[in-house]
Amino acid sequence: VSDALRPAQTHTLPLLYACPSSTVHPEYAHTPTAGWEKNDTLSFEVSPLLEAGHYRQSLGLRITGAYPFMGLTLIVEQTVYHRKRKIPGECKIDTVNCQLIDNNGASKGQGISYYQYNFPINIYQMHQGDSIHVAIRPEIKREILPVVSDIGIKTSKNNKKSKKAS
């Protein structure tokens with residue numbers, strides 16, 4: 001990198017971080033290319049939260065146009081680690097029923113050859129310094145689930161209180 005570019009890079013990065021955003025953790029992971037087996041679990045770590053409050057979590061899913069089913073059920077297991085204790089706190093398990101294809105055979109997602117879907121999980125009351133371990137696994141009867149390419153988790157600060165908050 002030339003010296004002429006260094007000042008621009010140094011000044012640009014703080015501007016990127018200064019943009020307001022409620023998202024505190026977006027992350028995707030690839031499923032195995034041979035297919036997602038029913039015993040496979042994808043794990044995510046949400047770093048300690050800077051602020052207390054209600055946090056909304058959503059699940060991201062990417063599939064190819066060759067996905068052979070209309071829907072998919074995913075089990076999302078979250079273990080909250082409270083800042084003052086190193087041992088796991090509460091464990092929350094949500095079942096997310098993902099409707100991917102409508103009754104006419106059209107995708108409900110966005111995309112052309114790969115389709116992106118976003119599904120709400122829940123809203124939780126969290127404390128400053130809490131961190132979360134998230135494990136996602138498919139609830140399937142088959143041994144292997146083809147053409148699911150990526151699974152993701154997004155955690156965002158929610159400014160509205162919800163009846164679902166715990």
Side-chain angles (χ1 to χ4, degrees), residues 5 7-31 36 40-64 67 71-102 106-139 145 147-166:
L5 293 177
Q9 290 174 340
T10 303
H11 295 296
T12 303
L13 290 175
L15 291 175
L16 292 174
Y17 290 108
C19 297
S21 174
S22 63
T23 300
V24 295
H25 184 86
E27 181 181 358
Y28 272 83
H30 297 293
T31 59
W36 201 10
D40 287 345
T41 299
L42 295 175
S43 295
F44 303 89
E45 301 296 331
V46 178
S47 299
L49 300 169
L50 298 177
E51 298 178 33
H54 289 86
Y55 285 83
R56 177 180 58 250
Q57 291 198 304
S58 60
L59 177 101
L61 171 67
R62 294 181 187 133
I63 62 170
T64 70
Y67 186 75
L72 171 63
T73 300
L74 297 172
I75 307 301
V76 181
E77 191 171 329
Q78 301 181 71
T79 305
V80 177
Y81 291 86
H82 298 291
R83 86 184 140 124
K84 294 184 179 179
R85 294 178 246 146
K86 298 291 183 194
I87 59 171
E90 55 213 294
C91 182
K92 304 166 191 232
I93 299 175
D94 292 289
T95 301
V96 181
N97 293 310
C98 307
Q99 294 302 311
L100 308 174
I101 309 295
D102 68 17
S107 171
K108 291 185 172 187
Q110 297 178 336
I112 298 172
S113 62
Y114 276 87
Y115 296 95
Q116 169 73 42
Y117 301 84
N118 293 300
F119 300 97
I121 298 173
N122 214 326
I123 298 174
Y124 298 113
Q125 171 65 43
M126 304 298 286
H127 300 95
Q128 180 183 10
D130 285 355
S131 60
I132 310 166
H133 171 79
V134 182
I136 301 173
R137 67 181 185 277
E139 179 70 24
L145 185 64
V147 300
V148 173
S149 92
D150 302 286
I151 298 290
I153 190 86
K154 179 179 170 185
T155 304
S156 304
K157 182 116 192 261
N158 191 29
N159 296 328
K160 298 178 185 176
K161 291 187 179 181
S162 169
K163 292 181 181 177
K164 291 179 93 176
S166 56

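Remember, predicted model here, so these are calculated numbers, not experimental data.
For the atom pair CG (Leu42) and CZ (Arg137), the distance works out to 12.0 Å, reported to the nearest 0.5 Å. Taking OG1 of Thr31 as the start and CD1 of Ile136 as the end, the distance is 11.5 Å to the nearest 0.5 Å. Distance OH/Tyr55 to NE2/His25: 13.0 Å, rounded to 0.5 Å. Taking CG of Leu61 as the reference point, atom CG of Leu72 lies at 6.0 Å (rounded to 0.5 Å). In this structure, the separation between CG on Asp130 and OG on Ser47 is 12.5 Å, given to the nearest 0.5 Å. Between Gln99 atom CD and Tyr117 atom OH the span is 10.5 Å, to the nearest 0.5 Å.
A 6.0 Å sphere centred on CD1 of Ile93 holds more than 12 heavy atoms belonging to other residues, nucleotides or ligands.
Residues Ile132 and Met126 have side chains in contact (heavy-atom distance under 4.5 Å, counting atoms from C-beta outward). Counting heavy atoms from C-beta outward, Gln128 and Glu51 have side chains that stay 4.5 Å or more apart. Contact annotation: the side chain of Val46 never approaches that of Tyr81 to less than 4.5 Å [non-hydrogen atoms, C-beta and beyond]. For the pair Cys98/Leu59, a side-chain contact is recorded, criterion being any heavy-atom separation below 4.5 Å from C-beta on.
Residues Tyr28 and Phe44 come closest through the heavy atom pair C-CE2, 4.0 Å. Annotation for Gly60 and Asn118: closest pair CA-OD1, 3.7 Å, computed over non-hydrogen atoms. The minimum heavy-atom distance linking Cys91 with Thr79 is given by the pair SG-OG1, 4.1 Å. In terms of heavy-atom proximity, Leu74 sits nearest to Pro138 at CD2-CA, 3.7 Å. Between Gly53 and Lys157, the shortest heavy-atom contact is CA-CE, 4.0 Å. Across all their heavy atoms, Pro48 and Ser131 have their closest contact at N-CB, 3.8 Å.
Taking the salt bridge (charged side-chain N to carboxylate O under 4.0 Å, His left out) definition, one finds that Glu45 meets it with nothing, sequence neighbours left out. Applying the side-chain contact (heavy atoms from CB on, under 4.5 Å) test to Thr95 and every residue at least two apart in sequence or in another chain returns Thr73, Ile75, Asn97.
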Worked verdict on Leu100 versus Phe119 for side-chain contact (heavy atoms from CB on, under 4.5 Å): CA-CA 10 Å; Leu100 308 174; Phe119 300 97; 3.9 Å; yes
Scan the side chains in residues 149-156 for donor-acceptor partners under 3.5 Å anywhere in the protein, sequence neighbours excluded, and list what turns up.
from   : atom 1 : to    : atom 2 : distance (Å)
Asp150 : OD1    : His30 : ND1    : 2.5
Thr155 : OG1    : Gln57 : NE2    : 2.8
Ser156 : OG     : Thr23 : OG1    : 3.4

